[in-house]
Amino acid sequence: MPEHDPLEAGDHVVLIDGSAYIFRAYHALPPLTRSSDKLPVGAVAGFCNMLWKLVRAQGFSPAPTHLAVVFDKSEITFRKEIYPLYKAQRPDLPEDLAPQFPLIREATRAFDLACVEQSGFEADDLMATYAEQAKAKGALVTIISSDKDLMQLVDAKVRMYDPMKDRSIGVDEVFEKFGVAPEKVVDVQSLAGDSVDNVPGVPGIGIKTAAQLLDEYGDLDTLLARAGEIKQTKRRENLIEFADQARLSRELVTLKRDVQLDVSLDDIAVVEPEGKKLIAFLKAMEFTTLTRRVAEAYEIDAAAIDPDPGLKAGGARSDALGEGLDPEGVDPTAAAGDAAVEAGLTPAALSVARISEGTATPVDRASYETVRTLDRLRQWVERAYEIGFVAVDTETTGLDPMQADIVGFSLATAPNEACYVPLTHKGGDEGLFSEGLLPDQVSVRDAAEALKPLLEDPAVLKIGQNLKYDWLIFKRLGIELAPCDDTMLISYVLDAGVGSHGMDALSVRWLGHTPIKYEAVAGKGKSAVSFDRVAIDKASEYAAEDADVTLRLWRVLKPRLVAEGKTAVYETLERPLVTVLARMEERGIMIDRQMLSRLSGEFAQGMGRLEAEISDMAGESFNPGSPKQLGDILFGKMQIPGGRKTPTGAWSTGADVLEELAEQGHELPRRILDWRQLQKLKSTYADALPTYVNPETGRVHTSFALAATTTGRLSSSEPNLQNIPVRTEEGRKIRKAFIAERGHKLISADYSQIELRLLAEIADTPSLRQAFQDGLDIHAMTASEMFGVPIAGMPSEVRRRAKAINFGIIYGISAFGLANQLSIPREEAGAYIKRYFERFPGIRAYMDETRAFAREHGYVETLFGRRCHYPDIAAKNPSIRAFNERAAINARLQGSAADIIRRAMVRMEPALTKAGLSARMLLQVHDELIFEVRDEEIEATIPVVKQVMEHAPIPAVALKVPLKVDARAALNWDEAH
DNA sequence: TAGAAAACGTA
DNA sequence: GTACGTTTTCTAG
């Protein structure tokens, strides 16, 4: 905190009535919207211009030494308590005004000025108190407002200024308005009342009469005491009858001048704004003129400063989905619009407000509680019930949710309101027999029992980061977490392609806060300990912070879903998949370890044979696995021409290079290729897979990542079961080792040509669409169109080229890439592409449109509204730019396909259940689903699976192109595929 | 001993 | 030409 100058005589205190300013500016200034996303910013612009003039002391003397922008806090004030009708008939906020409130607060912070609000009090009371204190110290006060309620404060040292009319309001102007001196203004208002604020006053008495009466009787109390003397009958009767109402009105209109201020007068001393922060804000608002002025004043290059990322245009667009959400698939507690409705804000306004809230309250680790007793835990559970949501995070002994044991968990119910519940932390002594639990911990059994009703209660939303992990941990404790919100997935829906979605990164990005690193509490590398060996106080800070941060992220990110029209994407493609994938991981798949072990031996033998031949041919023994040594042998010692270099300048010994050399008749490269194949199959599959078998289940449980790709595809790891070999005969031996349990078979169901079909759909190419509708061989048909060769009796080489072109199109084709793929000159590849576009002009248009859209918006969207961001799409470097363009073109197709199979997966289990089938979905490999099915249910299951997959786009999107799914059952994955 | 690079498995 | 994850080797610390 900067040092504040104490206020002294002669200082100038400026108080801005923030809320009133917004209303006045909104009505007085022409409407202005931010050009990129039409966010209304008229009042914000006026406000910023005014602040800039104030801090630069332009046309405003003396220069302010202290300044605060004062807001109403939208809560119950003492006035509401004494008179519930007070300000009860305020009209609803205009839709384009509401979002400007939080922005004005942001603007104030950007100017480094104090932003003051205090619950229980209106802005007027706070200003009255500041004015009173300033006056007492001999300072001059200016209140920027035209609210007549503030006129009671005016005197020789306190003036008002109406920013809209640009006029000063002193004692004379107040007299003009009320017909009395400022100190009598309260009495006038008590009599005359105020229809706007619903202050009752005395019927039949307006300002004029009130002033006249007060002139005659002196003050309100005297007047009411002597009301019987008044000649006019009606007026006399009213004054007597409504005397109490007048006194009540006085209580309402009299401003409190003795509020206990949270922010002292000294705290609002003016400091020079930090130019960069201010420019970042102004740029985000797209106020170009003021940005330029500020930049000039500070001699800063505005172009070098990025717009405030939390505030810049995010593109508030409506949902791409026209479908109503499946009623059964949507959680009642998930209604993201609720918060907006409650707060009386539009979704965009709430979103902006929450983004600024994110950085407002610092994380205070001292506020966290370590829960030591079941009683305290029950109180936290009670608290979660009260508010209807709770952030949850588990701490465990490892990273594998199928093996790790719970050590403790944390809960958070509000920012800085978080706790950690240690369960199984262990003591320091390393004795062989005494692995003693530390004292004062709730037992796992008691905790699970206390938590289960809460975590399974459909009325309480559980919030987490990467909840699939915690879901599995709780599942193993007999708890099925529901309903859930996952901050990682919300971030992924909103910002796929922008940074990572890990908690630490999100915290830095949205909360400006760096959480404690896991390594800092548990150590890393050799000295790492499992979490149950971490001291409880350290663990507590770390874990409670995780829950706290998760909750804060949820408050920031969740409203963005509504504001940016991405609720349907989140609700249909992300949220329901958490449990679907968790169950798939939980089931795992069976492998034949004996078969893999035998294969490993075979591969080792083959490698040994090859190694002997290789060293013979090379004339020396070397490591065939070393690209460096191999390069030296091939291109150094053996002087084989035609070598290429890798980007780092080393000899390239990739498969494509070795393949070329082999075709030229060189024997050694062929042997190396064979050796590498065996090496790969042995190390990555035959040897590695058995190490992943879970000792308790005897099966392999992969981990599917939901938020790892830019396009919406899943990824699989530990082990990656999405890259099990299939292309070569040797490789397929590995695949044969994936088997079904006794009495079952594996069903593999895969979409045929789904991305090409989506190309035909999205690029709206009738000839391609027709080909799919007619069930033609699409590559042959392409070849026939391009080269004029009839499909019947087509040479396989012609079809192969057309197939390469079709794939090239999906990948965003370049002549360079196609030439590489087909081993033809670049010119020839270019000619192919040209001819392709002549035959299919719609596809060229599709690619051009996608490029232009991505360039303009920085993202593309799938058929289902999923956004894939490409922040480098406008890079100056042409190869980076071209790469991003190809990726964006591919993303619409790959991403739409990913959306479709996600939809199928979400619907699959209910469809199977409904059909009375027990099939278990085990794996997803991008366009393929693997099931384990009881022998007697195979025939009934296949049509259900096909039906769900082929109709997955309905009803969100009705494709003109049919989707085709091939499904087969067998004892192992190779034969099912 | 950690991280980059090269290589290669899949859709 | 797109999208991934894993393994081994190599290099810098």
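The structure displayed is predicted, hence computed values, not measured ones. Each chain gets a letter, A, B and so on, in the order its sequence line appears, and its residues count up from 1.
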- Query: For Gln679(A), which contact category applies under a 4.0 Å heavy-atom criterion: base, sugar-phosphate, or nothing?
  - Reply: sugar-phosphate

- Give the rounded distance in Å between these two atoms: NZ of Lys628(A) and P of dA6(B). 13 Å

- Value in whole Å for how far the P atom of dT6(C) lies from CG of Asp687(A): 16 Å

- Query: Given dA3(C), is OP1 or OP2 found less than 4.0 Å from the side-chain N or O atoms of Thr711(A)?
  - Reply: no

- Message: According to side chain to side chain donor-acceptor pair (under 3.5 Å), who are the partners of Trp675(A), at least two apart in sequence or on a separate chain?
- Response: Glu611(A)

- Task: Round to a whole Å and report the spacing from CZ of Arg881(A) to P of dG1(C).
- Result: 17 Å

- Among the nucleotides dG5(C), dA3(C), dT11(C), whichever has the atom closest to the side chain of Phe883(A) is dA3(C)

- Query: Between Thr862(A) and Asp899(A), is any side-chain donor less than 3.5 angstrom from a side-chain acceptor?
  - Reply: yes

- Item | Donor + acceptor pair across side chains of Thr850(A), Arg892(A) (<3.5 Å) | yes

- Message: I'd like to know whether His977(A) forms a side chain to side chain donor-acceptor pair (under 3.5 Å) with Glu928(A), so could you lay out the CA-CA distance, the side-chain angles of the two residues, the decisive distance to 0.1 Å, and finally the verdict.
- Response: CA-CA 9 Å; His977(A) 186 73; Glu928(A) 173 187 16; 3.0 Å; yes

- Provide, to the nearest angstrom, the distance between the CD1 atom belonging to Ile901(A) and the P atom belonging to dC4(C). 17 Å

- Item | Any residue meeting side chain to side chain donor-acceptor pair (under 3.5 Å) with Thr728(A), in chain and number order, not counting sequence neighbours | Gln677(A)

- Task: Could you tell me if the ring centre of Phe787(A) sits under 6.0 Å from that of Tyr832(A)?
- Result: yes

- Can you check whether Thr710(A) has a side-chain N or O nearer than 4.0 Å to OP1 or OP2 of dC4(C)? yes

- Message: Among dG5(C), dA6(B), dT6(C), which nucleotide has an atom closest to any side-chain atom of Ala708(A)?
- Response: dG5(C)

- Item | d(CD, Glu755(A); C1', dT2(C)) in whole Å | 8 Å

- Do Asn972(A) and Glu975(A) get their side chains close enough for a donor-acceptor pair, meaning under 3.5 Å? yes

- Query: For Thr709(A), which contact category applies under a 4.0 Å heavy-atom criterion: base, sugar-phosphate, or nothing?
  - Reply: sugar-phosphate

- Task: Scan Ala882(A) against the nucleic acid and name what it touches under 4.0 Å (heavy atoms): base, sugar-phosphate only, or nothing.
- Result: nothing

- Message: Regarding Gly808(A), tell me which of base, sugar-phosphate or nothing describes its non-hydrogen contacts under 4.0 Å with the strands shown.
- Response: base

- Note on the structure: note: Phe704(A), atom CZ; dC4(C), atom C1'; distance rounded to Å ~ 13 Å

- Look at Ser717(A) and dG5(C) and indicate whether a side-chain polar atom (N or O) is within less than 4.0 Å of OP1 or OP2. no

Nucleotide N/O to protein N/O under 3.5 Å, stretch nucleotides 8-10 of chain B:
residue : atom : partner   : partner atom : Å
dC8(B)  : OP1  : Arg676(A) : NH1          : 3.0
dC8(B)  : OP2  : Ala655(A) : N            : 2.9
dC8(B)  : O2   : Lys680(A) : NZ           : 2.8
dG9(B)  : N2   : Asn723(A) : ND2          : 3.3
dG9(B)  : N3   : Asn723(A) : ND2          : 3.0
dT10(B) : OP1  : Val726(A) : N            : 2.6
dT10(B) : OP1  : Arg727(A) : N            : 2.7
dT10(B) : OP2  : Arg727(A) : NE           : 3.4

- Message: Can you measure Leu893(A) atom CG to dG1(C) atom C1' for me and round it to whole angstrom units?
- Response: 13 Å

- Message: Does Asp750(A) reach a base, just sugar-phosphate, or nothing at all? Heavy atoms under 4.0 Å.
- Response: nothing

- Message: Whole angstroms only, please: what is the CZ-P distance between Phe816(A) and dG1(C)?
- Response: 5 Å

